[in-house]
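Chain letters run A, B, ... following the sequence lines, proteins first and then strands; every chain starts at 1.
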Protein chains: 2
Amino acid sequence: MLQIEELANSLRTDGFRITPQRIAIVEYLLKTDDHPSAERIHRVIQKKYPMVSLSTVYKTLDLLKEKKLVNEIEVDGEARFDAHTDEHINLVCVNCGKIEDIDEDSLREIQTRAARKSKYMILKSNFELFGYCSSCKSKFTV
Amino acid sequence: MLQIEELANSLRTDGFRITPQRIAIVEYLLKTDDHPSAERIHRVIQKKYPMVSLSTVYKTLDLLKEKKLVNEIEVDGEARFDAHTDEHINLVCVNCGKIEDIDEDSLREIQTRAARKSKYMILKSNFELFGYCSSCKSKFTV
DNA sequence: CATACTATTAGGAATACTTCCTATTTAGGT
DNA sequence: ACCTAAATAGGAAGTATTCCTAATAGTATG
């Protein structure tokens, strides 16, 4: 997990500017494992910086994605963001929307095998499982 | 791969009606491995049934998804559909949008392991790899 | 085969997330 | 402190999908 300071320096040397908005967004993403949506990030950041705009949140997330500092997954037509960028499986609860990460070593190997078979040059992967999380599951069993 | 007739009977016994629109959509999905978008399906179907509406295409796809006869994946904020419903990996070309399927036996096992670890009740899975397909790849290597 | 019932449809309006636009502000080098 | 380009706020525009409703058409029944 990258620290804010390292990250800031890395952005700065690439000619990007360190703004309070960017810091707030990165800080929030680093300390949560909630996989928030852009709107939720916006709501949270606004408590500290009431003037921050949603478009800035989107732009910052774009930048962070490009720098491979955040991962984006699409759930129900909505993008959700996460600072966990290692290869992992996202478990998505179709009832409450909660997303949990699970590390799984074999993914890298599968990816290599698929790349070889298909002759694709792989840039990014996405492994999702949809179902009921443990707490929603119990609501559905009588 | 299910045949149209079996499928029609299965729908009929569940109280669903067999309409020309539904047949056209299923027929198209069964014979292509293109992973078309709703709009593309609509365009293709319209050649045969000029009056078919896009909303009917969406509704039919919903029905087919529910019946587990088609699979949906999301690419660039657009849904793409596929009659290949076994567990498999989708290779998505980020340049031309082509999607290729690869069977991979170990997915089922990974899924079981993740379900056990997380206590989720898994309903559906989605494995995607993004990159350049073999023909786009060559455009990017000098 | 005609009838009745109700699922389905066409078409367009409404919705929701994301991207785009532009005047203004501000980070960071000098 | 000043300058310049990068970034921002705010809202408008774009786009895929869902929703709404009157009209249509499968299908079961007699």
Side-chain angles (χ1 to χ4, degrees), chain A residues 4-5 7-26 35-67 69-81 92 97, chain B residues 4-5 7-26 35-67 70-81 92 97 99:
Chain A
I4 294 274
E5 269 315 315
L7 170 54
N9 287 331
S10 136
L11 286 178
R12 224 186 315 255
T13 50
D14 287 355
F16 295 104
R17 293 182 180 172
I18 311 307
T19 64
Q21 293 92 331
R22 287 180 175 172
I23 292 173
I25 292 170
V26 171
H35 301 70
S37 65
E39 208 200 302
R40 170 169 242 280
I41 295 170
H42 184 220
R43 261 202 319 277
V44 172
I45 304 306
Q46 273 190 319
K47 287 182 197 156
K48 217 170 171 180
Y49 301 94
M51 299 308 273
V52 77
S53 78
L54 185 56
S55 61
T56 296
V57 173
Y58 275 108
K59 265 195 131 246
T60 301
L61 289 168
D62 270 354
L63 174 64
L64 295 172
K65 275 191 290 178
E66 206 168 310
K67 294 271 148 199
L69 299 171
V70 307
N71 209 263
E72 176 184 2
I73 77 168
E74 191 100 6
V75 175
D76 264 333
E78 184 184 61
R80 306 271 296 262
F81 302 88
V92 182
Chain B
I4 294 277
E5 270 315 313
L7 169 55
N9 287 330
S10 134
L11 285 178
R12 223 185 317 256
T13 52
D14 287 353
F16 295 103
R17 293 180 179 172
I18 311 308
T19 65
Q21 292 91 332
R22 287 179 175 174
I23 293 174
I25 291 169
V26 171
H35 302 70
S37 65
E39 208 201 301
R40 171 169 240 279
I41 296 171
H42 184 222
R43 263 203 316 278
V44 172
I45 303 307
Q46 274 190 319
K47 287 183 196 154
K48 218 171 173 181
Y49 300 94
M51 300 307 275
V52 79
S53 76
L54 184 56
S55 61
T56 296
V57 173
Y58 275 109
K59 265 196 131 248
T60 300
L61 290 168
D62 271 352
L63 174 65
L64 296 171
K65 273 191 290 178
E66 205 167 311
K67 294 270 147 203
V70 307
N71 209 262
E72 176 184 2
I73 75 167
E74 190 101 6
V75 175
D76 263 333
E78 183 183 61
R80 305 270 297 260
F81 302 89
V92 181
I99 299 176

My understanding is that only residues two or more places apart in sequence, or in another chain, count here; which of them pass side-chain hydrogen bond (donor to acceptor under 3.5 Å, both in side chains) with B:Ser53? B:Ser55, B:Thr56
Please write out each protein N/O paired with an N/O of nucleotides 16-20 of chain D under 3.5 Å, distance rounded to 0.1 Å.
residue	atom	partner	partner atom	Å
D:dT17	OP1	B:Ala79	N	2.8
D:dT17	OP2	B:Tyr58	OH	2.3
D:dT17	O5'	B:Tyr58	OH	3.2

Quick one: side-chain hydrogen bond (donor to acceptor under 3.5 Å, both in side chains) partners of A:Glu72, sequence neighbours excluded? A:Lys65
Between its two end axes (five pairs each) the helix from C:dC1-D:dG30 to C:dT30-D:dA1 turns, nearest 10 degrees, through 40°
Walk along DNA chain C from 5' to 3' and tell me the first and last nucleotide with an atom closer than 4.0 Å to a non-hydrogen atom of chain A. C:dC17 to C:dG28
Closest heavy-atom pair, B:Ile18 versus B:Ala8, reported as atoms and distance to 0.1 Å, is CD1-O, 3.4 Å
Identify each donor-acceptor pair in which a side-chain atom of residues 43-52 of chain A lies under 3.5 Å from a protein atom, sequence neighbours left out, and give them as a table.
residue	atom	partner	partner atom	Å
A:Arg43	NH1	A:Glu39	OE2	3.2
A:Gln46	NE2	A:His42	NE2	3.4

Summarise protein proximity over nucleotides 24-30 of chain D in one line of letters, 5' to 3': B for base, S for sugar-phosphate only, - for none, counting protein heavy atoms closer than 4.0 Å. -BBS---
List the atom of A:Ala38, the atom of A:Leu54, and the distance in Å for their closest heavy-atom pair. O-CD1, 4.0 Å
What pair of heavy atoms forms the shortest contact from A:Glu74 to B:Gly77, and how long is it? OE2-CA, 4.1 Å
Check the surroundings of atom CG in B:Asp76: do more than 12 heavy atoms from other residues, nucleotides or ligands lie under 6.0 Å from it? no
Strictly by salt bridge (charged side-chain N to carboxylate O under 4.0 Å, His left out), give each pair with a member in residues 49-60 of chain A just once, sequence neighbours left out. none
Find the distance A:Ile23:CD1 to D:dT8:C1' and express it as a whole number of Å. 15 Å
Sorted by chain and number, sequence neighbours left out, salt bridge (Lys or Arg N to Asp or Glu O under 4.0 Å) with B:Arg40 holds for B:Asp34
Sequence neighbours left out, what passes side chain to side chain contact (heavy atoms under 4.5 Å, CB included) with A:Leu64? Give chain and number order. A:Ile25, A:Val26, A:Leu29, A:Thr60, A:Leu69, A:Val70
Of all pairs that satisfy salt bridge (charged side-chain N to carboxylate O under 4.0 Å, His left out), the ones with a partner from residues 11-24 of chain A, not counting sequence neighbours: A:Asp14-A:Lys67
Close side-chain approach of A:Val57 to A:Leu61, heavy-atom, < 4.5 Å: yes
